Amino acid sequence: MLTRMKYLILLATSFMFVGCATVTESGYYWGNYSETYYEYIKAPSEQTVTNHLNELNDIVDTSKKKGLKVPPGIYAEIGYITAKRGDSDNSIAYYRQEAELYPESKGFIERLIADNK
Amino acid sequence: MRLLITVTIALLISGCAATTTTKEAAFPEMYSDVNRQTMLIVPVINETTAAEAPDFLNATVAQPLANKGYYVLPVPIVSNIFKEAGIVDGTQLKGIPFSTYKDKFGAESILFIKLKTWETNYMVISGNVTVGMEYVLVSADTNNVLWSYQNTFVLDTSSSSGNILADLVVTAITTAATDYVPVARRVHANAVTTLPVGEYHPKHLQDGKDKNVIPALATAPVERF
């Protein structure tokens, strides 16, 4: 009886996790993307941009861990922030990852890379 | 929770107040071979005095559209490019040929968002915001409207812990600031239910028979942009 109870609790808990799963209908994980981006728009600073960058990197890591495709724009955004910080080699690597994952972004990405130089 | 109930009631009311048509009947070009997958979201056209509202909308707009299966050109980068060109409000884009967005951004479709109403009300233990929006997605190839939708509704911004005193304090704080991020997210989520899904969505080209479009809300003329 006890084991059955435990089983039920386990089942209920797993349903709860499914209920609040953060993976969307097209299979993306976004973390707290809107929140950190909003904080950045509201008060652009080294701190808010770093927080947003950390969130973007976390979205990449978590997506990989869960076997999900990284959402559109995430690699490009990391590349853009990296470029703004003067690290153009790394930024190009991120841009290329975006274009590889989403070939329709190629024209836009090539423009960003050209603007970098 | 209250937010959910409000939205549900709003959906229920709109559900029985008007007759609906299918997505395919309302937006035939979304089921044709016109390119639309790569979407550019341009700065919000703000017709209200709520200067902060476009920020909430911008911060939350990419997710619902990407979740509907589209490639959304990265909003923070795009809005920076516009900003560097001196464009902070969509009104400034009036008259620019849609093909320009294809040349400059590689966009196949362009989404204009017009904010018509954003009214916040603070009450003693509750708060709400009335939002009126219009979304118009146009084709960079054909210049036609691919999808458009108008929406007006009231969203509850009060939190509810069951403890009135605690709620009083929380409402005063949250209604004032970041609580609008989830509000804006819900505004977009509500609107995109009528949007035919894109290539990355499992139901791509299979949702044409979904019957949830109110025709009167789906007819925005392209001339205004």
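Worth knowing before you read on, the calculation uses all heavy atoms, side chains too, and leaves out hydrogens, waters and symmetry mates. Every chain is numbered from 1 and lettered A, B, ... according to where its sequence line falls, protein lines coming before strand lines. Computed from a predicted model, the values in this text were never measured in an experiment.
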| task | Determine whether the aromatic ring centres of B:Phe82 and B:Phe105 lie less than 6.0 Å apart. | result | yes
When the 4.5 angstrom heavy-atom criterion is applied to B:Lys68 and chain A, the contacting part is both
Applying a strict 4.5 Å limit to non-hydrogen atoms, the region of A:Lys69 in contact with chain B is side chain
Point to revise | Side chains of B:Leu146 and B:Val138 in contact at under 4.5 Å (non-hydrogen atoms) | key: no
Looking only at B:Asn67, B:Thr38, B:Asn58, most heavy-atom pairs under 4.5 Å shared with chain A are made by B:Asn67
The interface call for B:Gln63 against chain A, heavy-atom contacts under 4.5 Å, is both
When the 4.5 angstrom heavy-atom criterion is applied to B:Val61 and chain A, the contacting part is neither
The interface call for A:Glu110 against chain B, heavy-atom contacts under 4.5 Å, is neither
Minimal heavy-atom distance between A:Pro103 and B:Tyr200, with the atoms involved, is CD-OH, 4.5 Å
The interface call for B:Asn35 against chain A, heavy-atom contacts under 4.5 Å, is neither
Exercise. Are the side chains of B:Met133 and B:Ile113 in touch, meaning some heavy atoms are under 4.5 Å apart?
Worked result: yes
**Asked** Are B:Arg185 and A:Glu35 ion-paired here, with the side-chain N under 4.0 Å from a carboxylate O?
**Response** yes
Counting heavy-atom pairs under 4.5 angstrom with chain B, the leader among A:Glu104, A:Arg111, A:Glu77 is A:Glu104
Of B:Pro76, B:Pro74, B:Ala107, B:Gly106, the largest count of non-hydrogen pairs under 4.5 angstrom with chain A goes to B:Pro76
**Short N-O contact, B:Lys114 and B:Glu47, less than 4.0 angstrom** = yes
Most contact-rich option vs chain A, by heavy-atom pairs under 4.5 angstrom, among B:Leu73, B:Val78, B:Ile77, is B:Ile77
Using the six-membered ring of A:Tyr37, assess whether NZ or CZ of A:Lys42 lies under 6.0 Å from its centre and within 45 degrees of the ring axis. no
One option among A:Gly27, A:Pro72, A:Ser34 has the most heavy-atom pairs under 4.5 Å with chain B, and it is A:Ser34
Query - Ring centre gap for B:Tyr135 and B:Tyr149 strictly below 6.0 Å - result: no
